[in-house]
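Below is one structure, written out as structure tokens; comments come after it.
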Amino acid sequence: MKKSLMIFRDWESQEASRRLSGIIRRLNNKGVYDFALNCCYLNNGNLWDLKCTYEAAYVDFSGANLRGAILQNISLDNSSFENADLLNAKFNGSCLSKTNFEKSRSIWC
């Protein structure tokens with residue numbers, strides 16, 4: 001299933017966002033958290049309780065539902081969380097260089 005993430009990497013469409021969100025939820029449901037989200041378009045994705053312990057640089061999480069997400073100790077460089085719902089999301093120890101949190105809600109670092 002991790003290979004499926006690569007198929008949609010660099011696609012910028014709502015279809016890609018929906019498919020990626022579904023793949024990520026299935027991975028998390030199976031207890032898999034070590035996958036790369038680099039260059040993924042997850043705009044408006046439903047990723048509540050997302051857990052990722054690998055890389056997530058250059059990701060568009062704009063407008064996404066990331067309530068309860070755990071994105072700790074990973075690189076989130078150059079990612080966008082603009083208008084994202086981050087209620088109870090955790091970013092402890094993550095690299096947030098040039099990351100956009102404009103108009104996002106409820107950040108915990």
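Nothing fancy with the numbering, it's 1 onward along the sequence. Here the structure is a predicted model, which is why all the values come from computation and not from measurement.
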Please work out which of the three classes, parallel, tilted or perpendicular, describes the rings of F81 and F101, given edges at 30° and 60°. parallel

Working to the nearest 0.5 angstrom, can you tell me the gap between [X] [atom1] and [Y] [atom2]?
X	Y	atom1	atom2	result
L47	D85	CG	CG	11.5 Å
R67	L50	CZ	CG	15.0 Å
R19	L42	CZ	CG	14.0 Å
N38	L76	CG	CG	9.5 Å
I23	F8	CD1	CZ	5.5 Å
N73	S94	CG	OG	6.0 Å

[X] to [Y] - nearest heavy-atom pair and separation:
X	Y	value
A56	S79	O-OG, 2.9 Å
C95	D77	SG-OD1, 2.9 Å
N46	S21	N-OG, 3.9 Å
S62	S80	OG-OG, 3.0 Å
C52	L71	CB-CD2, 3.8 Å

Do you reckon [X] sits in the same ILVMFWY cluster as [Y], going by side-chain contacts under 4.5 Å, direct or chained?
X	Y	result
L66	Y41	no
W48	L27	no
I7	V32	yes

Run N28 and F35 through side-chain contact (heavy atoms from CB on, under 4.5 Å) and show every step you take. CA-CA 10 Å; N28 275 194; F35 47 84; 3.5 Å; yes

Checking Y58 against N78: is there a side-chain donor and acceptor pair closer than 3.5 Å? yes

Under 4.5 Å between any side-chain heavy atoms of T53 and I70, yes or no? no

Residues I74, E55; criterion side-chain contact (heavy atoms from CB on, under 4.5 Å); working and verdict: CA-CA 6 Å; I74 63 172; E55 297 178 341; over 6 Å; no

If you count every heavy atom of other residues, nucleotides or ligands that lies below 6.0 Å from Y54 atom OH, does the total exceed 12? no

Side-chain (S75) to main-chain (A57) donor-acceptor, under 3.5 angstrom: no

